[in-house]
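Start at 1 and go down the list; that is how both ligands and their atoms are numbered. We use all heavy atoms of the structure for the numbers below, so side chains are in, but hydrogens, waters and symmetry mates are not. In this chain, residues are counted from 1 in sequence order. The model shown is predicted, which means the values in this text are computed figures rather than measured ones.
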Amino acid sequence: MSKSLQAIRGMNDILPEQTPLWRYFEGTVARLLDNYGYKQIRMPIVEFTELFKRSIGEVTDIVEKEMYTFEDRNGDSLTLRPEGTAACVRAVLEHGITGGGQVQKLWYIGPMFRHERPQKGRYRQFHQIGLEVFNLDGPDIDAELIIMTWRLWGELGIRDAVKLELNSLGTSESRGRYREALVEYLLAHHDKLDEDSQRRLKTNPLRVLDTKNADTQAVLVDAPKMADYLDDESRAHFEGLKARLDAVGIPYVLNPKLVRGLDYYSKTVFEWVTDKLGAQGTVCAGGRYDGLVEQMGGKPTPGVGFAMGIERLVLMLETLEQIPQEISRQVDVYLCAFGEEAELAGLALAERVRNELPNLRLQVNAGAGSFKSQFKKADKSGALYALILGDDEMAQQVVGFKPLRGQGEQQSIAWDALAAHLATCVVQG
Ligand code: HAM
């Protein structure tokens with residue numbers, strides 16, 4: 001027997017019973033971003049491999065071991081995007097829309113691909129909503145990004161379950177000085193470091209700060225602190241950000257070990273974390289990348305952004321039971337028609353009602369069926385009301401209007417009055 005076809009491990013179908021919650025989440029974020037004046041951009045999901053190597057960094061986990069890279073028929077090396085920032089920078093440069101200091105406030109949504117070990121909250125195809133701002137270098141915009149996400153958590157009802165961690169990596173010069181001091185210190189304690197950290201010490205020493213190994217963590221207690229190496233400009237920027245968060249009343253925790261897994265960051269980095277999802281607790285993360293555009297061949301252009309993981313946030317809504325009731329109902333009204341004549345009249349009537357109430361979720365029974373079977377389908381659809389068209393109703397040019405969720409008796413409504421009647425009983429989304 002042939003092996004049954006299956007989706008690739010770590011790549012999930014999002015089934016019809018899950019999509020209402022996804023759409024609610026995506027719609028809530030999209031509305032918020034619109035309201036703050038951000039514009040959507042859409043990039044391809046495949047790019048030249050070189051793009052990610054140059055932006056994310058050759059010695060990051062993503063580039064070293066997690067990319068889906070393949071040769072296309074022309075022999076070009078292509079990669080399924082592991083994140084959105086690189087492609088967004090490529091796009092704004094290619095189209096010249098950040099030239100001459102033009103401010104761009106952009107957002108995107110879509111699938112990203114990383115060959116990680118799948119587990120709850122960590123997948124190989126996952127979805128992000130991300131945002132990038134170009135040509136604003138002050139802490140006010142860093143603050144706006146965080147304020148916006150704080151509002152989002154409030155709207156979603158998950159604010160109490162997330163915590164903001166904040167750090168500043170400084171400019172590349174100050175980070176360079178810090179790196180030297182850190183390497184010198186760690187080399188002096190080389191034998192006490194775990195194997196992975198010994199390797200990182202050579203390739204990407206700041207990532208040693210991220211270690212989960214207890215012995216290495218113990219060594220790090222007395223290691224030089226990044227904050228002591230910050231240049232004046234980065235320090236002022238960071239103070240400016242904290243003052244704004246304080247002014248709005250957003251709590252944060254300073255985490256000097258927060259370095260992020262992508263190489264392009266400078267100055268501000270932040271993560272929103274939760275303890276409600278087990279090991280994969282970062283739901284939204286980002287920071288400033290003032291050197292990236294130049295590194296990719298553009299003029300010096302400050303940039304700052306973040307991305308949130310949709311799977312993780314949907315899981316949080318489920319875990320915290322913050323699922324608005326109205327999203328579970330997909331149908332307002334279900335029309336049952338008995339006999340061919342009634343079916344034709346029902347179709348025309350449904351279209352007339354839809355003309356007048358474009359937001360009404362009206363489902364017309366398909367596939368005919370007995371009174372009992374159509375009623376069963378009406379009930380299962382979750383509709384609040386059934387409309388009934390049988391011989392009697394046809395003769396009188398009325399429709400039976402039957403509440404399905406125990407709100408009163410069946411009544412007869414004239415065809416002409418139906419839309420007006422429905423408008424009074426159904427709150428339309
Ligand atoms: P990142 O931290 O790699 O940053 O990913 C951002 C978010 O995507 C994570 O916090 C997490 O919620 C989600 N995520 C990442 N990997 C997975 C996975 N394997 N499964 C499920 N969810 C995942 C970036 O991607 C940067 N481009 C963010 C950014 C934008 N920085 C500046 N601008």
Side-chain angles (χ1 to χ4, degrees), residues 8-12 14 25 29 33 38 41 43 47 51-52 55-57 60-63 65-68 80-92 104-134 136 141-142 145-146 148-149 152-153 158 162-165 167 169 207 210 258-274 276-293 296 301-316:
I8 296 164
R9 189 162 120 84
M11 304 203 180
N12 300 311
I14 299 151
F25 174 75
V29 183
L33 296 176
Y38 288 71
I41 180 168
M43 295 87 65
E47 300 270 354
L51 173 70
F52 302 115
S55 54
I56 297 170
T60 55
D61 283 352
I62 296 181
V63 171
K65 18 182 212 213
E66 294 170 2
M67 296 208 300
Y68 281 90
L80 295 183
R81 63 180 183 194
E83 57 105 54
T85 310
C88 193
V89 167
R90 198 262 314 131
V92 297
Q104 293 290 346
K105 295 176 160 189
L106 306 172
W107 68 276
Y108 49 83
I109 179 170
M112 308 289 160
F113 303 84
R114 296 183 194 175
H115 196 274
E116 296 190 80
R117 199 167 47 76
Q119 63 180 85
K120 181 181 167 194
R122 186 165 72 194
Y123 310 100
R124 290 181 172 171
Q125 174 176 325
F126 59 98
H127 298 77
Q128 283 185 345
I129 296 183
L131 176 160
E132 316 292 348
V133 179
F134 297 97
L136 288 172
I141 191 70
D142 303 25
L145 301 195
I146 291 172
M148 227 161 33
T149 45
L152 178 65
W153 313 142
I158 58 173
V162 289
K163 190 176 77 178
L164 174 63
E165 297 199 351
N167 192 20
L169 301 179
R207 288 306 304 277
D210 244 4
L258 181 64
V259 287
R260 310 273 301 124
L262 306 97
D263 275 358
Y264 47 62
Y265 292 107
S266 57
K267 294 186 181 161
T268 312
V269 287
F270 65 91
E271 292 191 353
W272 286 100
V273 296
T274 179
K276 307 287 180 216
L277 296 180
Q280 304 306 315
T282 308
V283 291
C284 173
R288 187 161 271 288
Y289 46 86
D290 288 345
L292 181 59
V293 175
M296 307 289 287
T301 305
V304 60
F306 65 72
M308 54 183 93
I310 303 184
E311 281 82 356
R312 290 185 191 176
L313 283 157
V314 165
L315 260 171
M316 262 194 90

[X] versus ligand 1: do any nitrogen or oxygen atoms come within less than 3.5 Å of each other?
| X | value |
| --- | --- |
| Thr85 | yes |
| Met308 | no |
| Gly309 | yes |

Shortest protein heavy-atom distance from [atom], along with the residue and atom involved:
| atom | value |
| --- | --- |
| atom 19 (N) of ligand 1 | Glu116 OE2, 2.7 Å |
| atom 27 (N) of ligand 1 | Glu83 OE1, 2.6 Å |
| atom 12 (O) of ligand 1 | Thr282 O, 2.9 Å |
| atom 21 (C) of ligand 1 | Gly121 O, 3.3 Å |

*Run down the list Phe270, Tyr265, Tyr123 and name the one with the heavy atom closest to atom 29 (C) of ligand 1.*
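Selected option, by shortest heavy-atom distance: Tyr265.
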_Nearest non-hydrogen contact with atom 26 (C) of ligand 1 belongs to which option: Phe126, Tyr264, Trp272?_
Tyr264
*With Ile129, the side-chain contact (heavy atoms from CB on, under 4.5 Å) member among Trp107, Phe306, Tyr108*: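 By the side-chain contact (heavy atoms from CB on, under 4.5 Å) criterion, Ile129 pairs with just one of Trp107, Phe306, Tyr108: Trp107.
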Smallest separation among heavy atoms of [X] and [Y], with atom names:
| X | Y | value |
| --- | --- | --- |
| Asp142 | Arg288 | OD1-NH2, 2.7 Å |
| Met43 | Arg81 | O-NH1, 3.5 Å |
| Gln119 | Ala279 | NE2-CB, 3.7 Å |
| Val269 | Leu258 | CG2-O, 3.7 Å |
| Thr149 | Met308 | CG2-CE, 4.3 Å |
| Arg9 | Arg124 | O-CD, 3.4 Å |

Pick one of side chain, backbone, both or neither for how [X] approaches ligand 1, counting any non-hydrogen atom pair under 4.0 Å.
| X | value |
| --- | --- |
| Arg312 | side chain |
| Glu132 | side chain |
| Val283 | backbone |

Tell me whether [X] reaches ligand 1 (any heavy atom closer than 4.0 angstrom to a ligand atom).
| X | answer |
| --- | --- |
| Arg260 | yes |
| Cys88 | no |
| Gln128 | yes |

Which ligand 1 atoms does [X] reach within 4.0 Å, using its non-hydrogen atoms?
| X | value |
| --- | --- |
| Tyr289 | 32 (C), 33 (N) |
| Arg122 | 19 (N), 20 (N) |
| Gly286 | 31 (N) |
| Leu262 | 3 (O), 4 (O) |

Where the side chain of [X] meets the backbone of [Y], is there a donor-acceptor pair that is under 3.5 Å apart?
| X | Y | value |
| --- | --- | --- |
| Glu311 | His127 | yes |
| Arg114 | Pro82 | yes |
| Asp290 | Thr301 | no |

*Not counting sequence neighbours, which residues clear side chain to side chain contact (heavy atoms under 4.5 Å, CB included) with Ala285? List them please.*
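Ala285 satisfies side chain to side chain contact (heavy atoms under 4.5 Å, CB included) with Arg260, Glu271, Thr282 once adjacent residues are dropped.
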*Among Tyr264, Tyr265, Tyr289, the one residue meeting side-chain hydrogen bond (donor to acceptor under 3.5 Å, both in side chains) with Thr85*: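 Testing Thr85 for a side-chain hydrogen bond (donor to acceptor under 3.5 Å, both in side chains) against Tyr264, Tyr265, Tyr289 leaves exactly one candidate, Tyr264.
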